[in-house]
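Written below as structure tokens is the structure these notes are about.
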Amino acid sequence: MKNLMDYTMPMLEDYLVTLGEKKFKGTQIYEWLYQKREYNFANFSNVGKNVLAHLQNDFSLDFIKIVKVLEGPLVKKFLFQLADGEKVEAVLMQHDYGLSVCVSSQVGCNMTCAFCESGRLKKKRDLATYEMVQQILLIEEYVQARIARVVIMGIGEPFDNYDNVINFVKIINHPKGLAIGSRHITISTCGIIPKIKEFSDLDWQVNLAISLHAPNNELRNYLMPVNKVYNLDSLLDTIKAYIKKTNRRVTIEYVMLNMVNDKEEDAEELARILQGMNVYVNLIPYNETANIGFKRSSKERIDKFFNILKKHKINVTIRKEFGGNIKAACGQLRSESD
Ligand code: SAH
């Protein structure tokens, strides 16, 4: 059975029309779900008997469950259990501008990036749209506060679960849904080119982040096997086309791995390939994990890398760290709970 939170507004309106009902009832249903947070169909008092009977028959409103919360000063990490027993995680971060949540899009991941904990656990399945929506609903309920920003950077490759992720964005972005503005939503991908193109065609204001992590094919092939399918040159062309089409600045993520991709010549090469593009580079201090041998670059090496990019007039920031000491980093909580 479908979960009602899998449905975007147009899907819900189409459904209502097939019942011989008016489209505006879609708005009423969204108000129950996402504003009043009422999850018992029987209490949808204004939708009418016909709609109610069909909703009860056609949809469930089952919830995923929070099974563990780790709390740090500015960060909370949530482990969720899904209906089939699988687990995923999400991270809540307190910024000066408000709360942001990093959500997971798959159970495991097939991209097998060499440094990433999530990829050690092969993808078991995609998350359904409702399983992503509910990560946010449950966190909002837990902290009794509104989430201002969402990044799809948890476990999984969002563009390997494209349709469900796009529907998720439609629901959280909808004014009668969670009303999170497009510019406050970010999708991060390891570079699945056909899906980046499809996403460009939507011409949305949603932010796109690309996990680049290497300035040439040799190094990128080693760190990110996806590069053997979608290589760096085609990826850069695709990003350029995206920027041209949407006029949006793209975030380039670059995880800093000691003595692997953090050399001065890597910074020079990165500056060269990004020259003239409307991008900003986010240098990510690597979160070391017991299971993988990579080490985090020292503060000095990160600063040096940063300064080389600056010198070449590349916009660059160093990612603020939240979760390191509570295992908030990248798949570690789920990995330990198995
Ligand atoms: N699959 C998507 C989104 C999930 S990963 C993607 O590749 O973008 C989110 C980001 O965290 C990616 O840039 C990923 O490379 C990075 N990452 C993975 N493991 C990490 C670790 N241990 N420390 C720091 N960043 C990590």
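The model shown is predicted, which means the values in this text are computed figures rather than measured ones. Read the numbers this way: they start at 1 and go in the same order the structure lists the ligands and their atoms. Index from 1, following the sequence.
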Check each atom of ligand 1 against the heavy atoms of I284 and keep those under 4.0 Å away; list them by number with element. 24 (C), 25 (N)
Residue-level breakdown please: for T189 versus ligand 1, do any non-hydrogen atoms fall below 4.0 Å on the side chain, on the backbone, on both, or on neither? backbone
Within the 4.0 Å heavy-atom shell around C190, which atoms of ligand 1 are there? 6 (C), 7 (O), 8 (O)
May I ask you to say whether D262 pairs ionically with K304, meaning some side-chain N is under 4.0 Å from a carboxylate O? no
A student checking ligand 1 against S211 at a 4.0 Å heavy-atom cut-off should list atoms 6 (C), 7 (O), 8 (O), 12 (C), 13 (O)
Polar contact flag for E157 and ligand 1 (N/O pairs, less than 3.5 Å): yes
Please give me the minimum heavy-atom distance between I273 and P215, naming the atom from each residue. CD1-O, 3.7 Å
Which of the atoms in ligand 1, numbered in the order shown and given with their element, are less than 4.0 Å from a heavy-atom of G156? 1 (N), 2 (C), 3 (C), 4 (C)
Does even one non-hydrogen atom of H213 get within less than 4.0 Å of ligand 1? yes
Which residue from G191, C116, G154, S188 reaches closest to atom 4 (C) of ligand 1 through any of its heavy atoms? G154
Going by the 4.0 angstrom heavy-atom rule, the piece of N287 near ligand 1 is both
Going by atom types alone, do E21 and N50 pair a side-chain donor with an acceptor below 3.5 Å? yes
Please state whether S105 comes within less than 4.0 angstrom of ligand 1, counting heavy atoms only. no
Give the atoms of ligand 1, by number and element, whose distance to some non-hydrogen atom of V255 is under 4.0 Å. 24 (C), 25 (N)
For the residue pair N207 / R248, report whether a side-chain donor-acceptor contact shorter than 3.5 Å exists. yes
Establish, yes or no, whether a centroid distance under 6.0 Å links the rings of H54 and Y15. no
Pairing of K77 and E89 as salt bridge, 4.0 angstrom limit: yes
Output field: ring centroids F41/F59 closer than 6.0 Å: no
Could you check whether N227 and N217, counting side-chain N and O atoms only, form a donor-acceptor pair closer than 3.5 Å? yes
